[in-house]
J.: 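Encoded as structure tokens, here's the structure I'll be asking about.
Lettering of chains follows the sequences in order, A, B, ..., and the numbering in each one begins at 1.
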Number of protein chains: 2
Amino acid sequence: MSVTINDIARAAGVSRTTVSRVLNDSGYVKEETRNNILKAIRELNYTPSAIARSLSTNKTNTIGVIVPEINNPFFGEIIKGIGQVADEYNLNLILFNTDDNRKKELKALKLLKEQRIQGVIITPTYPEDDFDSNYLSTLENLGIPVILIDGHVECFNFSGVFIDHIKGAYDGTNALIEAGHKKIALITGCMNSRPAKDRLIGYKKALIMNNIPVDENYIFYGDYKHESAYEITKQILEMKDKPTAIFVMSNMMILGCMKAFYEENIRVPEDMAIIGFDKIEALNIVGMNISFINGPTIEMGRIGMKLLIDNLENKESNKELKRITLLPKLVLKGSEKLIKR
Amino acid sequence: MSVTINDIARAAGVSRTTVSRVLNDSGYVKEETRNNILKAIRELNYTPSAIARSLSTNKTNTIGVIVPEINNPFFGEIIKGIGQVADEYNLNLILFNTDDNRKKELKALKLLKEQRIQGVIITPTYPEDDFDSNYLSTLENLGIPVILIDGHVECFNFSGVFIDHIKGAYDGTNALIEAGHKKIALITGCMNSRPAKDRLIGYKKALIMNNIPVDENYIFYGDYKHESAYEITKQILEMKDKPTAIFVMSNMMILGCMKAFYEENIRVPEDMAIIGFDKIEALNIVGMNISFINGPTIEMGRIGMKLLIDNLENKESNKELKRITLLPKLVLKGSEKLIKR
DNA sequence: GTGAAAGCGCTAACAC
DNA sequence: GTGTTAGCGCTTTCAC
């Protein structure tokens, strides 16, 4: 079918060993021979088969990437970061999008293992229930290096890049407090997920450190989706003892809040201050004064990929766990306006 | 290193052929033998090597996907659509993100060819200059089925899914005209790209059909980026004979316009109507009344993937070009407000 | 400097 | 029903 190394060898009048040598720049080859071979390669439009090479060398130079929501730029940026580093090291990326579906995640892992990839970078989706041991054991029995990126998974057995969600939520809530707010509502993400749990801790911590009692009436349980945030926000706006600020646990949910605000003609932050987790590029560019706490997404991808490469290069020696925690940045937009009164 | 088909054969006391038979469900195997083999597979935690299989069958069940901007949800959704169909057919996706860089695109094609993928789906970036024959010949000499998705490439030799940009721009402009607007500015995308050219045609056509002279002073040349749109919009807002509406050629550029509007306290569409190409999910959810013309992104991905599968299945017979053109949808938000006066 | 030969893990005739 | 054998396209000793 397609042209092989043997065709080149024949065309150049050498053995395939020699062709292999010039392909891989290994061992000495006479200048003239090399030129003949290169000429044949050009003329026959030959491209070596990575498949055959992989089988022979037992290395695929391919890594697997699993994300829950490819159309969310948050993950798009993570992949972008991963891709940048992969490009430097000439690694290929096999991508799986799971639509937040654990079943698909497991299928992806299986397919990746068949592909004999060198390692997996995964941003796990949140579990349907708290108990998720089946998934974890699959991950552990994979026999392939696994790097977690900011996962929702409660597990300390894997290396990975994480965000300090406690600190992030603390900083965000604190900024509202410093601006004079005392009645600060919280809209959580799906409480099965680690980030949501941590952010709740950070929120409470900030209140407590500032001697503001935690009022359960101000804590609303969402699910990371904008629809729930919209409903909750409308609810909030009808409270008798309305909060003056809202802390929201995800970028999608900010949109839900904004929608409710927009409908009710609430100005941000004059009528209601808001801080959310993860930026929304669009609102940002447009210039809306939405403050946010932002994990460095592209950087997370880059670091994750570097962790994996480290792991691959240091064969047996350097396999110990490396968990890197990044501090999210608090970005105050029109911060003077965060002031309550 | 890892466990192979031979290990299973030995453990089950059969030949590897028989193991292969149960793996692929081909040929008859005695129930008892089959069970022994399955047991061995389970106990040894065996996963067959797709690499070896690929080499042997000359099929990789992998397709390449090349996009220019993975962190743009527009492409994220295309990939999502591709992935949905790929999942149904158990195909793997090797992904390359090119950052709008033709060099990287070419490198990606080379690497994909090495991987002996079955086909490529590519959303080409726009060319740096009009003459782009080198790129096209690379694509043609690839020897692998290529499917274009809404590319910026001026080429009719490839199958693909496309948007009727002329019709889209015509409809959008027309909607503004029907709302009473006569002075309609246009902010173009990069004019090297096919969509920009087509959209310009559609815009002009709508004006002409309505007996509105095309005024070159109202045509501004952008580059798809929000920064340029911002500058241009500020310029527009200072014109003596200001337009009453703006037609914008990309979602990113809408953001630039909105930013300028926001700064100048221009209300949409009361002070200035705007219609853009491609939706912005965020603004949409928030409920801003930004009308847009929208190609069905996920659907494009799905159709592109199906085209490719068609192509792969119908060996030599059905290889003729299939170019599917989808009509973009005009989505009028708060359409009554589009009315000029 | 170059080639012969074995082998990577699997599939696919073909034989029994 | 099951095994033998010959590859798939490459790399890698080990000779020469």
J.: Return the value, rounded to whole Å, for the distance between atom CD1 of A/Ile8 and atom C1' of C/dG3.
T.: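 These atoms are roughly 18 Å apart.
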
J.: Round to the nearest Å and state the distance from B/Leu55 atom CG to D/dA6 atom P.
T.: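 Atom CG in B/Leu55 sits about 18 Å away from atom P in D/dA6.
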
J.: Report the distance from atom NZ of B/Lys113 to atom P of D/dG9, rounded to the nearest whole Å.
T.: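 Roughly 14 Å, once rounded to whole Å.
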
J.: Indicate whether OP1 or OP2 belonging to D/dG3 is found under 4.0 Å from a side-chain N or O atom of B/Thr18.
T.: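 So the side chain of B/Thr18 is within the cut-off, an N or O lying under 4.0 Å from OP1 or OP2 of D/dG3.
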
J.: So, taking the atom named CZ in B/Phe162 and the one named CZ in B/Arg323, what distance separates them when rounded to the nearest 0.5 Å?
T.: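 Rounded to the nearest 0.5 Å, the CZ-CZ separation comes to 3.5 Å.
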
J.: Look at A/Glu88 together with A/Arg302 and state whether they make a salt bridge at an N to O cut-off of under 4.0 Å.
T.: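 A salt bridge is present here (some side-chain N lies under 4.0 Å from a carboxylate O).
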
J.: How would you summarise protein contacts on nucleotides 11-16 of chain C per nucleotide, using B for base, S for sugar-phosphate only and - for none, with heavy-atom distances below 4.0 Å?
T.: BBBB--

J.: If you round to the nearest 0.5 Å, how far is CD1 of A/Ile66 from CD1 of A/Ile149?
T.: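 With rounding to 0.5 Å, CD1 (A/Ile149) is 12.0 Å from CD1 (A/Ile66).
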
J.: Just how large is the angle between the end axes of the helix from C/dG1-D/dC16 to C/dC16-D/dG1, five pairs per end, to 10 degrees?
T.: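 If I round to tens, the end axes sit 30° apart.
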
J.: Quiz question: by atom type and distance under 3.5 Å, do the side chains of B/Lys30 and B/Asn36 form a donor-acceptor pair?
T.: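 Their side chains do not contain a donor-acceptor pair, so the 3.5 Å distance test is not met.
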
J.: Check the distance between D/dG7's C1' and A/Ile51's CD1 and give it to me in whole angstrom.
T.: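 Taking CD1 of A/Ile51 and C1' of D/dG7, I get 17 Å after rounding.
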
J.: Measuring from atom CG of B/Asn97 to atom CD of B/Glu105, what distance do you get when rounded to the nearest 0.5 angstrom?
T.: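 If I round to the nearest 0.5 Å, the distance is 10.5 Å.
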
J.: A/Asp25 vs A/Arg34, test: salt bridge (charged side-chain N to carboxylate O under 4.0 Å, His left out). Steps then yes/no.
T.: CA-CA 10 Å; A/Asp25 235 357; A/Arg34 170 189 309 277; 3.8 Å; yes

J.: What is the distance, to the nearest angstrom, from the CG atom on A/Asn58 to the P atom on C/dA6?
T.: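 That distance rounds to 21 Å.
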
J.: Determine whether a donor-acceptor pair (N or O, by modelled atom type, separation under 3.5 Å) exists between the side chain of B/Asn311 and the backbone of B/Leu307.
T.: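 Pair absent, no side-chain N/O of B/Asn311 close to backbone of B/Leu307.
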
J.: Are side-chain N/O atoms of A/Gln118 and A/Asn61 paired as donor and acceptor at under 3.5 Å?
T.: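 No, no side-chain donor-acceptor pair sits under 3.5 Å.
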
J.: Hey, what do you get for CG (B/Asn101) to CD (B/Glu69), rounding to the nearest 0.5 Å?
T.: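 Here the interatomic distance stands at 12.5 Å.
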
J.: Taking NZ, NE, NH1 and NH2 as the nitrogens, is one of them in A/Arg194 or A/Asp150 under 4.0 Å from a carboxylate oxygen of the other?
T.: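 Salt bridge between A/Arg194 and A/Asp150, a charged N being under 4.0 Å from a carboxylate O: no.
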
J.: Pull out every residue in residues 28-43 of chain B that has a heavy atom closer than 4.0 Å to any atom of DNA chain C, ordered by number, or say none.
T.: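 Heavy-atom cutoff 4.0 Å gives no residues at all.
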
J.: Are B/Glu77 and B/Lys80 close enough for a salt bridge, meaning some N to O gap below 4.0 Å?
T.: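 Salt bridge: no.
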
J.: In whole Å, I'd like the distance from the CG atom of B/Asn6 to the C1' atom of C/dG7.
T.: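 Spelled out: CG on B/Asn6 to C1' on C/dG7 is 11 Å.
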
